[in-house]
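Count residues from 1 along the sequence.
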Amino acid sequence: MKKRIISVPWMGEEYTRQLEKMLKSLDMEVILPEKSAESLKKAVQNSADMMCFPYKGVLANYINVLDRGANTLLMYDSCGECRLKHYYKIHEFTLKKLGYKDFEMYPITITNIVPTLKKLSGKSSAKVTKVVKQLISDIKKVDEEKWQWSDDKINIGIIGEIYTCCDERVNYQIEKKIRSHGANPYNASNLTQFIIESIKETFHLENKIGKTKYKKEANKYLNGKLGGHGRENIYNLLWMHDKGVDGIIHLLPLSCMPEATIEPYINDICQERKIPLLRLPIDETNSEANVDTRVETFIELIKRKKK
Ligand code: SF4
């Protein structure tokens, strides 16, 4: 293979830039996906209709970077229960069918990230471990600075599928929209939470650390593992209710299995506890103006009710 030119799927500006910084610190050449209607169109045309939107968005990212010279693709693999763990296989298959032959695909998990990056960069395990630890700490810092509870503004909790909650290219900059209407967004489905939960799941530390009371309550709603962030969203909602959240925005890709499964529970918890709820199903056919109007109306109604 020629010189490696590596890429990762876009997952929100801040997180993606941190990943870029980490890869560059291993002296790797990196190309990041550009937002491209053309790549998205091609991805949608070459995906099953009922495939969830993150799959199509990531495929669009890969098409975009392969067209611009990338030859090494990374994919996040949570090792969870949902179809995300199969994405990289289906992406690789589809890209090859589309005529992209000269690339390699690597899934990244909590346990294989160091050996994989060591192989790709040729750096030592010690060096790779150091930059991975730095990445986790940088991501934590991003989330701590960004997601803080407000004492003077109304707090709008965001729950839902993680990619949809974290990627401003997918969620129509929901965070910015909430802030522009004078409210404080709190995204409970952030990447730090995702990393912590993945580590706990990998090392069987489930339910031993953090929000234990809410996790126990959330477990009562389900018959075992659900996949995605279905259970996390139930316990984060219960936790935010106790913190006095003023409203909840539930973001989900159309046809998302875990989010559709928990929908009746989210509705019931919000109704019982009188938490205003706005659900925004997202796919490639959404219009930004529509999302804008719905978010604005939702926040204005909460403000009026509080007055
Ligand atoms: S959690 Fe939802 S969006 Fe993610 S892979 Fe599963 S069905 Fe798709």
Side-chain angles (χ1 to χ4, degrees), residues 7-23 30-41 43-44 47 51-65 73-78 80 82-85 87-88 91 108 135 138-140 142-143 145-147 156-180 185-195 197-198 228-229 232-233 236 249-256 258-259 278-288 290-292 294-295:
S7 191
V8 290
W10 191 266
M11 201 191 181
E13 178 80 31
E14 286 102 332
Y15 298 148
T16 313
R17 296 286 170 205
Q18 294 298 341
L19 277 157
E20 179 188 31
K21 190 174 94 182
M22 178 201 65
L23 293 169
V30 186
I31 292 183
L32 293 182
E34 288 169 348
K35 189 170 180 180
S36 155
E38 205 182 309
S39 306
L40 183 59
K41 192 174 165 200
V44 170
S47 303
M51 202 53 167
C52 35
F53 189 49
Y55 171 88
K56 298 173 188 169
V58 173
L59 182 60
N61 287 175
Y62 289 147
I63 290 171
N64 181 268
V65 293
L73 307 177
L74 301 184
M75 177 59 195
Y76 322 115
D77 176 6
S78 63
C82 203
R83 52 188 156 182
L84 182 124
K85 68 178 172 188
Y87 272 11
Y88 81 96
H91 283 139
I108 294 291
L135 171 72
D138 290 342
I139 287 173
K140 193 164 169 260
V142 166
D143 284 330
E145 279 171 12
K146 215 160 127 180
W147 310 121
I156 302 294
I158 301 173
I159 56 170
E161 188 275 331
I162 184 161
Y163 180 84
T164 318
C165 292
C166 294
D167 189 351
E168 72 288 331
R169 288 183 181 176
V170 171
N171 65 31
Y172 299 96
Q173 308 202 57
I174 197 94
E175 176 203 345
K176 224 171 163 185
K177 287 194 199 320
I178 295 171
R179 290 192 203 280
S180 75
Y186 187 94
N187 177 13
S189 295
N190 58 59
L191 193 50
T192 303
Q193 290 304 313
F194 175 74
I195 293 170
E197 293 305 326
S198 299
H229 292 87
E232 285 80 354
N233 287 322
N236 278 324
I249 295 184
H250 184 197
L251 291 174
L252 64 155
L254 269 186
S255 88
C256 176
E259 297 307 321
L278 173 65
R279 177 166 294 113
L280 292 175
I282 297 213
D283 75 353
E284 67 277 6
T285 62
N286 281 84
S287 100
E288 175 143 20
N290 180 284
V291 174
D292 237 336
R294 294 184 68 192
V295 171

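Atoms CD1 and CG, on Ile156 and Leu278 in that order, are 9.0 Å from each other to the nearest 0.5 Å. Separation of atoms CD (Glu145) and NZ (Lys140) is listed at 11.5 Å; rounding is to 0.5 Å. Here the straight-line distance linking atom CG of Leu74 with atom OG of Ser7 works out to 8.0 Å at 0.5 Å rounding. With values rounded to the nearest 0.5 angstrom, Ile63 atom CD1 is found 4.0 Å from Leu59 atom CG. One finds the CD atom of Glu161 at 8.5 Å from the SG atom of Cys166 (value rounded to the nearest 0.5 Å).
In this structure the side chain of Leu32 never reaches within 4.5 angstrom of the side chain of Val65, judged on heavy atoms. Looking at Pro9 and Met75, their side chains come closer than 4.5 Å, going by heavy atoms from C-beta outward. Side chains of Val58 and Tyr163 form a contact here, defined as non-hydrogen atoms less than 4.5 Å apart. Residues Leu251 and Glu259 form no side-chain contact, since every pair of their non-hydrogen atoms from C-beta on lies 4.5 Å or further apart. The shortest distance between side-chain heavy atoms of Leu19 and Val30 does not fall below 4.5 Å.
A donor-acceptor contact shorter than 3.5 Å is absent between the side chain of Arg279 and the backbone of Leu252. Judged by distance alone, the side chain of Asn233 and the main-chain N or O of His229 form a donor-acceptor pair under 3.5 Å. A donor-acceptor pair is defined here as one N or O able to donate and one able to accept, closer than 3.5 Å; such a pair exists between the side chain of Asn64 and the backbone of Glu34.
Every residue two or more places apart in sequence or in another chain that forms a side chain to side chain donor-acceptor pair (under 3.5 Å) with Asn236 is listed here: Lys211. Scanning for salt bridge (charged side-chain N to carboxylate O under 4.0 Å, His left out) contacts around Asp283 gives an empty result, with sequence neighbours left out. Partners of Tyr87 according to the ring-ring contact (aromatic ring centres under 6.0 Å, His included) rule, which considers only residues two or more places apart in sequence or in another chain, are Tyr55, His91. Listed by chain and number, the residues in a side chain to side chain donor-acceptor pair (under 3.5 Å) with Thr16 amount to none (sequence neighbours excluded). Partners of Ser287 according to the side-chain contact (heavy atoms from CB on, under 4.5 Å) rule, which considers only residues two or more places apart in sequence or in another chain, are Ala289, Asn290. Take Lys146 and apply the side chain to side chain donor-acceptor pair (under 3.5 Å) test, not counting sequence neighbours, and it matches Glu14, Glu175. For Lys177, the salt bridge (charged side-chain N to carboxylate O under 4.0 Å, His left out) test picks out Glu288, Asp292, with sequence neighbours left out. Every residue was checked against the salt bridge (charged side-chain N to carboxylate O under 4.0 Å, His left out) condition with Glu38, not counting sequence neighbours, and none meets it. For Val44, the side-chain contact (heavy atoms from CB on, under 4.5 Å) partners two or more places apart in sequence, or in a different chain, are Leu40, Lys56, Glu284. When the side-chain contact (heavy atoms from CB on, under 4.5 Å) test is applied to Asp143, the partners found at least two apart in sequence or on another chain are Tyr15, Ile139, Trp147, Asn190, Leu191, Thr192. Scored by the salt bridge (charged side-chain N to carboxylate O under 4.0 Å, His left out) test, Arg83 finds no partners at all (sequence neighbours excluded). Annotation: side-chain contact (heavy atoms from CB on, under 4.5 Å) contacts of Gln173 (sequence neighbours excluded): Glu168, Lys176.
For the side-chain contact (heavy atoms from CB on, under 4.5 Å) criterion with Asn187, the lone passing option out of Ile174, Ile162, Ile158 is Ile158.
The two residues Ala188 and Gln193 make their nearest non-hydrogen contact at O-CG, 3.5 Å. Taking each heavy atom of Ile282 and Asn171 in turn, the nearest pair found is CD1-CA, 4.0 Å.
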